[in-house]
Amino acid sequence: MEAVADREALAALPRIDDLVDRADALVREFGRRDTTETLRRVTDAARRTLLAGHTASADPDGLIAAATTELRARRPGPPRRVLNATGVVIHTNLGRAPLAPEAVEAIRSAAAYCDLEFDLATGGRGSRNARVAPLVADACRAPAGFAVNNAAGALVLCLAALAGDREVLVSRGELVEIGGSFRLPEIMHASGAQLVEVGTTNRTRAEDFAAAGTDVALILAVHPSNYRITGFSQAPSIAELAVVARERGVPLVHDVGSGLLVDEEAPWAAGEPSIAGSLQAGADLALASGDKLLGGPQAGLLAGRADLVERCQRHPLARALRLDKLRIAALVTTLEAHLREDRGSLPTWARLDADEAELRTRAQGLASALDGEVVPGASLIGGGSAPGHELPSPVVRLRGGAPDAVAERLRLGDPAVVCRVEDGALWLDPRTIDPADDDVLVERVRAERAET
């Protein structure tokens, strides 16, 4: 039996012009053209549903509500501020390293007209690289430095500039997946380099690199920043690989990953290689991220031998991967903080080095205000840095109510709050909350818990 259309409902569908006139708030928010087209789509969808013999609303307010939902899904707006109560310091999904106030101010200043590639002294053309390159070199204690838009870009550029279509030796145990199914073999293929796998997944020796390949351009070492191979395993040190690279007459490139510039004695830095340490051990070029342990904006740092850095700078891909003025502004101020040994001014470092007694005092204040309890916990460095290493931290546990529902409302509120739900409780880690936001956190959590 064929479906019978609801003729009365079809006739009641409003004219698009009338809907647009009623949707003045949407017009102000999204513009007349997009509002009109979206209202036409939802009205046409309702018409098709009715013609198929199914139920659909012809109510103007319902159609406007449907258009509002669609428009907001298609126009989510810029990233929103989030209070990170998860305890993950470098949280990739929450934007990784929060920027220092000086970096934010530098971005604000550079957002207008600025002297990005203009020499104010001579009135002639300037160089954007001249602002960053010396800072990268000095901060990494390297002969030369350079920066592009992210670490994956730095690796692609390095491979394209130094290897071309020749062979690159990589241990099988270091063929990593970076995230979002972005795998090292795919990066190698995109660069044009030929991947030569060396050794086995769990055991690779320096002599394996000495015997592999026939037309080798470079040796690539990749720090396993987001996983560990334990047990019956072996991997050559950078110093051992450097000997092989010298004997074969090819560069040794080390993807350090996390963005640690120099070796640190901090407990949380245990096992994390630094750019300076890698170069000192014999690497010819080291690469790292800018928005992890560096504590700056998304960027890819390259540092090492001047001739290799220059080849990367001169490659055509360097322009495609170059930094824009906003990230240059933030990166310069971040590197300057490292150079003046003021890493405590960087929010990431302030959180990593936070005093446990101060964290406990703050946790007790939060627990008292929210009728919770302080219990021993652990924060994570995150961002693929120091996997498996935890930072002892006092955390606040809030029992009772409906924690999943509260967590959802916290995420959807303003400002959004992201926390953990475990064992039927809401968990708040003060390490990743700016102390200036403690009162805001209390207000948000108190309000949402009152709704349950």
Side-chain angles (χ1 to χ4, degrees), residues 129 132-148 151-171 174 176 184 187-188 191-196 198 204-213 215-225 235-263 272-290 299-315 317-318 321:
N129 289 336
V132 177
L135 296 177
V136 174
D138 291 349
C140 296
R141 302 176 186 175
F146 184 47
V148 293
L155 180 56
V156 169
L157 175 61
C158 174
L159 293 171
L162 305 183
D165 59 358
R166 299 174 62 201
E167 296 173 341
V168 175
L169 308 184
V170 186
S171 169
E174 297 177 355
V176 300
L184 181 59
I187 295 176
M188 301 274 285
S191 73
Q194 298 180 35
L195 169 65
V196 176
V198 177
T204 303
R205 303 173 180 85
E207 50 263 36
D208 295 327
F209 285 89
D215 183 27
V216 179
L218 62 85
I219 295 174
L220 174 64
V222 181
H223 176 59
S225 59
S237 67
I238 293 299
E240 291 172 326
L241 287 178
V243 172
V244 176
R246 300 294 178 271
E247 292 174 346
R248 302 199 67 167
V250 298
L252 170 60
V253 177
H254 188 195
D255 186 343
V256 174
S258 68
L260 195 64
L261 296 182
V262 298
D263 292 342
E272 279 297 302
S274 69
I275 296 179
S278 176
L279 296 175
Q280 186 176 16
D284 297 290
L285 193 65
L287 320 173
S289 295
L301 307 185
L302 302 88
R305 275 173 41 186
D307 61 320
L308 300 181
V309 171
E310 183 181 1
R311 285 171 64 182
C312 291
Q313 287 178 311
R314 287 191 284 103
H315 193 276
L317 273 179
L321 298 170

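Just so it is clear, the model here is predicted, and its values are computed rather than measured.
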If only atom types and distance count, is the side chain of [X] paired as donor or acceptor with the main-chain N or O of [Y] below 3.5 Å?
| X | Y | result |
| --- | --- | --- |
| R141 | L279 | no |
| S289 | G257 | yes |
| S191 | M188 | yes |

Check: [Y] and [X] side chains under 4.5 Å, non-hydrogen atoms:
| X | Y | value |
| --- | --- | --- |
| L169 | V250 | no |
| R205 | E240 | no |
| V196 | V216 | no |
| L285 | R311 | no |
| L302 | L308 | no |
| V136 | F146 | no |

**Request:** Give a yes or no on whether R166 atom CZ has more than 12 heavy-atom contacts from other residues, nucleotides or ligands under 6.0 Å away.
**Result:** yes
**Message:** Counting neighbours of CD on Q280 that are heavy atoms of other residues, nucleotides or ligands and sit closer than 6.0 Å, is the number greater than 12?
**Reply:** no
**Message:** Can you pull out every salt bridge (Lys or Arg N to Asp or Glu O under 4.0 Å) where at least one residue sits in residues 275-286? Sequence neighbours excluded, please.
**Reply:**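 For residues 275-286: R246-D284, D284-R305.
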**Request:** Could you please spell out the steps behind the side-chain contact (heavy atoms from CB on, under 4.5 Å) verdict for D215 and E167?
**Result:** CA-CA 6 Å; D215 183 27; E167 296 173 341; 4.3 Å; yes
